[in-house]
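First comes the structure, then the notes that go with it.
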Amino acid sequence: GEEVGDGEDRQGVDFCYLLEVYESKGDFDGGASPSERAHVTGAAVKFVQGTVFTVKTTADLNKKALTHFLSTNTVDEASAWLEAFEMVPDCTVDWVGNEGVSLKA
């Protein structure tokens, strides 16, 4: 039979966590390609205030390190995003905002 390798000779990443950035909800709904894709493994996520948080990506998997400012419609949604980022490998999440208020209930 055919020999199956253990996959160590394959190039690239088998699985990655990506943040896809769209210019608008219409672009996303319409199936347009994202304007940007950022690898978020190893990112530093920080609650800012209200519904705003930042995602600082590393240069390890991306062309360069960048800080993305993101905002959700509700505080609950912002909290859900931070919870999701806690599941990403090597991602740090800071729940305390600029005013010393924690988003964590």
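- Residues V45 and L19 share a single hydrophobic cluster, defined by chaining ILVMFWY side chains whose heavy atoms lie under 4.5 Å apart.
- Taking Ile, Leu, Val, Met, Phe, Trp and Tyr as members and joining any whose side-chain heavy atoms lie under 4.5 Å apart, directly or through other members, the hydrophobic cluster of F28 also contains Y22.
- In this structure, the separation between CZ on F47 and OG on S79 is 9.0 Å, given to the nearest 0.5 Å.
- One finds the OH atom of Y17 at 12.5 Å from the CG atom of L61 (value rounded to the nearest 0.5 Å).
- Across T57 and A38, no two heavy atoms sit closer than the pair CG2-CB, 4.0 Å.
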Donor-acceptor pairs under 3.5 angstrom involving side-chain atoms of residues 80-91: please list them, not counting sequence neighbours.
from : atom 1 : to  : atom 2 : distance (Å)
E86  : OE2    : W95 : NE1    : 2.8

Review item, side-chain donor-acceptor pairs of residues 66-75, under 3.5 Å, at least two apart:
from : atom 1 : to  : atom 2 : distance (Å)
S71  : OG     : T51 : OG1    : 3.1
T72  : OG1    : T74 : O      : 2.8
T72  : OG1    : A78 : N      : 3.3
T74  : OG1    : E77 : N      : 3.1

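- A donor-acceptor distance shorter than 3.5 angstrom exists from the side chain of K46 to the backbone of V96, with no hydrogens or angles considered.
- Contact record, A65 with A59: N-CB, 3.8 Å, taken as the closest heavy-atom pair.
- Here CG of L18 is found 8.5 Å from CG of N62. Values are rounded to the nearest 0.5 Å.
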